[in-house]
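By convention in this document, chain letters (A, B, ...) are assigned in the order of the sequence lines, proteins followed by strands, and residues within each chain are numbered from 1.
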Amino acid sequence: METIRVIRGMRDIHPDQALWWQRMERRLADTLRRYGYGEIRTPLLEPTALFARSIGEETDIVEKEMYTFQDRDGSSLTLRPEGTASVVRSYIENTQWKKEPVSRLYYLGSMFRHERPQKGRYRQFSQVGVELIGSLEPAADVEMIDVMVECMNAIGLKDTSLQLNSLGCSACRPNYRDSLVVYLKQNQGDLCDNCRRRLDINPLRVLDCKAEACRRVADGAPKIIDVLCADCAGHFQTVRKGLENLALDYEINHRMVRGLDYYTRTTFEMVAAGLGAQNAVAGGGRYDDLVKTLGGPEIPAIGFAAGLDRILLKLQDTIPEPASPPNIFVVTRGEAGWRASLELMRGLRRAGVQVCSDVRRGSMKSQMKQANRRGARFVIILGEDELTAGRVTVKDMHAEENSDQKQIQVPREDLHGFLLNRLGLLEGVVG
RNA sequence: GUGAGUGUAGCUCAAUGGUAGAGCACUGGUCUGUGGCACCAGCUGUUGAGGGUUCGAGCCCCUUCACUCACCCCA
């Protein structure tokens, strides 16, 4: 029979890998909790129109990367390609602004984009995203950038740099767009085919084309921060001052325009060294018009998202793997030994200790090998001898071979205290 | 969507167009109630799939699928 295989661009996360994910997710959740952000879990499936309206009909994501299909009633559904649209949809649907002036939300989970798989890029991938809805003030921008930096610090990401830009607002961006188009048309001959096409539909994206020729054109292009309206310019200045108060280093990147149409004013991105072409690990910005675009009131917001798959790739090259907690293996002899082990193990587990035993009725030697493979710190031996004596044998797998601590007899009723004591001491050392 | 490279045992990799192998891992034994080390033995394959050329294909050709890297896109 033909074997069923995993779908292209998707993969299984096995237990050893899952330990890395769990640690990263734990640290993110903990950091975000301290900033007052609460987790929101939205459906993976949304009406297609949600993404078309928020991300932009003309973007690559909407044009050719979404998993879109018909539901049984004929309506068009899409697996979410990003998280912000769903959060805003939910915000509006629940009239959240009537319940609180400012909402601090984060999400963590799978997104789907039908791209060609590559290092650090999968068709199902994980993002953490953070949204701060309800403030137009630069204070919100500074908080969001600080949260992003602290999240990356918390999970141990190193060698990163922060890039900053402003895209203006609905008042000043059209002017900039016009002058950019004029400039680009003058240099049209030097642009790549793709960018010549972009000229009409999304000219700002020409600025971050990676083609050498386009980069040269982009370098000479008018800079948006030179033509911001007074409000946007003042806002950007205050954001920069706030970042300087936090001693956050950044550089202004005039060419960073982001790939989603909903961004306004401040945009920012974090890039990491050593990830090849997929070096953008986190990015975000203001989306002051999005709530209104999706049918809500005029409420400004800012947020960012981070790509956890590629971040994890880098972490695995730079920081130690997660330590597995001390654990215990129970070796039994005979049916009486096995039966006696059942309650003993349940008691230890209820006390918080990881305990396993053989479920194959293997030989003593085979059971010891399993204990070793699992990295058990202690082995408890429960056989005929122990049963008749009312004791168990406790073997310390790490102790020296002829140490008097290597293997000792412990009365059944003292076992709990003995192990918890020893493991507690161990955990104190491990920290 | 475009381009290049690679597909052989669970893993890492050998094999001039001529009998598919090694190391590691796994299982058992030496050691009948004691892991790691050593030694011994055993297990493991439609050579990604399909077709073609040939007396003969893991090797050459075509198709297809997958993976990797880059373009592109983005986090």
Side-chain angles (χ1 to χ4, degrees), chain A residues 1-3 5-11 55 59-66 81-84 108 110-111 113-123 125-130 148 151-152 157 160 192-195 197-198 202 205 208-212 214 256-260 268-272 275-285 303-314 329 331-334 337 358 360 362-387 393-401 406-407:
Chain A
M1 191 170 61
E2 197 173 324
T3 55
R5 291 191 302 175
V6 70
I7 293 171
R8 178 163 203 206
M10 309 198 176
R11 65 222 168 108
I55 299 170
T59 56
D60 287 314
I61 294 176
V62 172
E63 273 183 356
K64 53 196 183 196
E65 293 177 0
M66 295 203 303
E82 62 110 34
T84 300
L108 198 157
S110 288
M111 308 295 160
R113 290 182 202 173
H114 196 276
E115 303 175 280
R116 189 85 172 250
Q118 188 179 324
K119 188 182 187 70
R121 187 175 82 184
Y122 310 98
R123 288 182 176 179
F125 59 101
S126 271
Q127 283 189 340
V128 62
V130 184
M148 181 176 81
C151 280
M152 298 304 114
L157 194 69
T160 58
C192 68
D193 294 348
N194 207 354
C195 284
R197 190 176 58 84
R198 282 171 173 146
N202 209 338
R205 291 213 52 80
D208 84 345
C209 181
K210 283 171 188 145
E212 183 60 33
C214 296
M256 184 184 64
V257 300
R258 317 290 309 148
L260 288 69
F268 49 93
E269 208 169 275
M270 185 168 259
V271 298
L275 278 173
Q278 311 302 319
N279 66 346
V281 294
F304 80 88
L308 299 179
D309 303 82
R310 64 182 59 163
I311 287 173
L312 193 54
L313 277 179
K314 186 162 166 60
F329 197 91
V331 168
T332 66
R333 298 293 300 167
D358 181 37
R360 293 192 318 175
S363 68
M364 178 108 187
K365 186 186 181 75
S366 146
Q367 292 186 59
M368 289 300 296
K369 281 173 91 161
Q370 287 181 60
N372 190 54
R373 184 169 30 231
R374 292 193 61 85
R377 179 60 208 269
F378 294 102
V379 166
I380 296 169
I381 300 169
L382 203 47
E384 292 84 355
D385 299 350
E386 286 82 2
L387 283 175
T393 302
V394 178
K395 181 167 184 171
D396 183 341
M397 299 292 273
H398 290 188
E400 293 295 319
E401 197 51 57
K406 183 69 186 172
Q407 190 160 311

Can you figure out which of [options] approaches the side chain of [X] most closely?
| X | options | result |
| --- | --- | --- |
| A:I381 | B:rA70, B:rG28, B:rG33 | B:rG33 |
| A:R5 | B:rA66, B:rU34, B:rC26 | B:rA66 |
| A:F125 | B:rA75, B:rC67, B:rG33 | B:rA75 |

Nucleic acid footprint by protein, nucleotides 36-44 of chain B - heavy-atom cut-off 4.0 Å, B for base, S for sugar-phosphate alone: B--------
Protein proximity profile, nucleotides 1-6 of chain B - base contact B, sugar-phosphate-only contact S, no contact -, cut-off 4.0 Å on heavy atoms: BBB---
Nucleotide-level pairing of RNA chain B, given in dot-bracket where Watson-Crick and G-U pairs need both distances under 3.5 Å and | marks other strands: (((((((..((((....[..)))).(((((.......))))).....(((((..]....))))))))))))....
With sequence neighbours excluded, residues passing side chain to side chain donor-acceptor pair (under 3.5 Å) with A:K365: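 With sequence neighbours excluded, A:K365 shows a side chain to side chain donor-acceptor pair (under 3.5 Å) to no residue whatsoever.
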Electrostatic pair A:E82:A:R113 at N-O distance under 4.0 angstrom: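 No, no charged N to carboxylate O under 4.0 Å.
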Between [N] and [M], how far is it from one [atom1] atom to the other, in whole Å?
| N | M | atom1 | result |
| --- | --- | --- | --- |
| B:rU8 | B:rA66 | C1' | 15 Å |
| B:rU44 | B:rC59 | P | 24 Å |
| B:rG17 | B:rA57 | C1' | 7 Å |
| B:rA22 | B:rA9 | C1' | 11 Å |
| B:rC55 | B:rG29 | C1' | 47 Å |

Side chain to side chain contact (heavy atoms under 4.5 Å, CB included) partners of A:R11, counting only residues at least two apart: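 Per chain and number, A:R11 pairs via side chain to side chain contact (heavy atoms under 4.5 Å, CB included) with A:I13, A:W21, A:Y122, A:D309.
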Set of residues satisfying side chain to side chain contact (heavy atoms under 4.5 Å, CB included) with respect to A:E400, sequence neighbours excluded: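 Listed in chain order: A:N402, A:S403.
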A:F329 vs A:N372, side chain to side chain contact (heavy atoms under 4.5 Å, CB included): CA-CA, chis, key distance, verdict: CA-CA 9 Å; A:F329 197 91; A:N372 190 54; over 6 Å; no
Comparing A:G362 and A:D60 on RNA chain B - which has the more 5′ nearest nucleotide: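 Looking at the nearest nucleotide for each, A:G362 comes out on the 5' side.
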A:M10 vs A:D396, nearer the 5' end of RNA chain B by closest nucleotide: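 Residue closer to the 5' terminus by nearest nucleotide: A:D396.
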hbond_proxy A:Q118 side chain to B:rC67 base (donor-acceptor, 3.5 Å cutoff):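 Counting by modelled atom types and ignoring angles, no donor-acceptor contact under 3.5 Å is found here.
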Regarding [X], tell me which of base, sugar-phosphate or nothing describes its non-hydrogen contacts under 4.0 Å with the strands shown.
| X | result |
| --- | --- |
| A:G375 | nothing |
| A:R113 | base |
| A:G283 | sugar-phosphate |
| A:E63 | nothing |
| A:L308 | nothing |
| A:A371 | nothing |

Quickly work out the [X] [atom1] to [N] [atom2] distance and round it to whole Å.
| X | N | atom1 | atom2 | answer |
| --- | --- | --- | --- | --- |
| A:R8 | B:rU68 | CZ | C1' | 11 Å |
| A:D385 | B:rU32 | CG | P | 15 Å |
| A:I380 | B:rU34 | CD1 | P | 19 Å |
| A:L108 | B:rA75 | CG | C1' | 13 Å |
| A:Q370 | B:rU34 | CD | C1' | 14 Å |
| A:M364 | B:rG29 | CE | P | 14 Å |
| A:K119 | B:rC71 | NZ | C1' | 17 Å |
| A:F329 | B:rU34 | CZ | P | 16 Å |

Spacing of NZ belonging to A:K406 relative to CD belonging to A:E401, to within rounding of 0.5 Å: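 So the gap between those two atoms works out to 5.0 Å.
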A:L308 side, atom CG; A:L313 side, atom CG - distance, nearest 0.5 Å: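 Interatomic distance, A:L308 CG to A:L313 CG, rounded to 0.5 Å: 11.5 Å.
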So, do [X] and [Y] sit near enough that their side-chain heavy atoms are less than 4.5 Å apart?
| X | Y | value |
| --- | --- | --- |
| A:M256 | A:D208 | no |
| A:M397 | A:M368 | yes |
| A:E386 | A:I381 | yes |

Verdict with reasoning, A:H114 to A:R8, per side chain to side chain contact (heavy atoms under 4.5 Å, CB included): CA-CA 10 Å; A:H114 196 276; A:R8 178 163 203 206; over 6 Å; no
Phosphate contact (B:rU34 OP1 or OP2) by A:Q367 side-chain N/O below 4.0 Å: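 No, outside the criterion.
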Under-4.0 Å side-chain N/O to phosphate OP1/OP2 contact, A:R310 with B:rA75: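 Checking A:R310 against B:rA75: no side-chain N or O falls below 4.0 Å of OP1 or OP2.
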Residue pair A:D396, A:R377: steps toward the side chain to side chain contact (heavy atoms under 4.5 Å, CB included) verdict: CA-CA 6 Å; A:D396 183 341; A:R377 179 60 208 269; 3.0 Å; yes
